[in-house]
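Reminder, nothing fancy here: chain letters follow the sequence lines and each chain counts from 1.
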Number of protein chains: 2
Amino acid sequence: MEIQQAIIIFDALSQETRLRAFRLLVAAGPEGLPAGAISEQLSTPHNTMSFHLNHLFNAGIVTSRKVGRSVIYAANFDEMRELIGFMVKDCCSQDMATIREDAVSGCSIIELTGCCSDKTQK
Amino acid sequence: MEIQQAIIIFDALSQETRLRAFRLLVAAGPEGLPAGAISEQLSTPHNTMSFHLNHLFNAGIVTSRKVGRSVIYAANFDEMRELIGFMVKDCCSQDMATIREDAVSGCSIIELTGCCSDKTQK
DNA sequence: GTTGTATTTCCATACGTCTAGAATAATGGA
DNA sequence: TCCATTATTCTAGACGTATGGAAATACAAC
């Protein structure tokens, strides 16, 4: 992931309404939620929420699709995984975090090593 | 990690000068770098960089200590690990990312599973 | 004390973001 | 067609952020 893309995603997630909306979509899973349900659950006016959902969409961390009158938003898990990979590779010490690809399982395996082991469990 | 703290860190990292400064500090390791070296390497005026370093400090992702006339900033790796943990737990699907604590090694082990395996290697 | 170096604080300006009322667009049902 | 529903776009105001020149602070060396 490019640093510019990481900045755009950090910016998208650095606002409470947007981060809460995104976590709601994460909890909702791949099926996603209609815009109205999100604004209702977060007690935010429709137009304000629309502004924030558009922000998340432009950042690439949610997708949207029209179903009848509704617009269904869903979290983009691939992009989120890439962001986590960026943070581990570029924003964490190699002594304290490593990431490797496991070709067999198709997984990225990250190990976060505590320098002060008792703080790791927080 | 609380959602409020995550927002503060995302905000701190959502600005190019700050993200570059932070990555410089990550590369520098626990020893850190003096403020002047950071502003020089990023070709940013001292006062502007001081503003951004203070922002990173307030967010808790860098530490600072005075040594003679210099102020040495260093990345706070513990806080960064916590943020990665927050993202995996709260911002990623359980189907696609799991985190578990390994008591023996004191490591947090994260597995990022690709839903579309060929995208995982990007 | 004076000078030079390292960094922060003060300040004004320019620019960007958040909010929500009102209007608009798109769709489905009676 | 007419109405209700769902969501977005338009707009203006309030507020927050980034920038860098100038001044102030802190420290070390002479």
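- A/I8 has its CD1 atom 11 Å from the P atom of C/dT17, to the nearest Å.
- Of all heavy-atom pairs spanning A/G85 and A/I99, the tightest one is CA-CD1, 4.0 Å.
- To the nearest 0.5 Å, atoms CG (A/N54) and OG (A/S64) are separated by 9.0 Å.
- In terms of modelled atom types and a separation under 3.5 Å, the side chain of B/R20 and the main chain of B/Q15 share no donor-acceptor contact.
- Projected onto DNA chain C by closest heavy-atom contact, A/H52 and A/V67 fall at different nucleotides, the more 5' of which corresponds to A/H52.
- Residues that satisfy the side chain to side chain donor-acceptor pair (under 3.5 Å) test with B/Q5, not counting sequence neighbours, are B/E79.
- The interatomic distance linking B/Q15 (CD) with C/dT17 (P) rounds to 12 Å, in whole Å.
- Put simply, chain B comes within 4.0 Å of DNA chain D, heavy atom to any atom, from D/dA18 to D/dA28, going 5' to 3'.
- Rounded to the nearest 0.5 angstrom, B/M49 CE and B/L56 CG are separated by 9.0 Å.
- Under the side-chain contact (heavy atoms from CB on, under 4.5 Å) criterion, A/A59 pairs with A/I8, A/A12, A/I61, not counting sequence neighbours.
- Of the residues in residues 17-28 of chain B, B/R18 come within less than 4.0 Å of DNA chain D through at least one heavy atom, sorted by number.
- In terms of heavy-atom proximity, B/I38 sits nearest to B/A21 at CG2-CB, 3.9 Å.
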One pair to check against side chain to side chain contact (heavy atoms under 4.5 Å, CB included): B/I110 and B/I84. What are the steps and the verdict? CA-CA 10 Å; B/I110 298 166; B/I84 292 171; 3.8 Å; yes
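- The heavy-atom pair separating A/L25 from A/A75 by the smallest distance is CB-N, 3.9 Å.
- Counting to the nearest Å, the P atom of C/dA26 and the CZ atom of A/R65 are 21 Å from each other.
- B/E31 meets the side chain to side chain donor-acceptor pair (under 3.5 Å) test with no other residue; sequence neighbours excluded.
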How would you summarise protein contacts on nucleotides 7-14 of chain C per nucleotide, using B for base, S for sugar-phosphate only and - for none, with heavy-atom distances below 4.0 Å? BBB-----
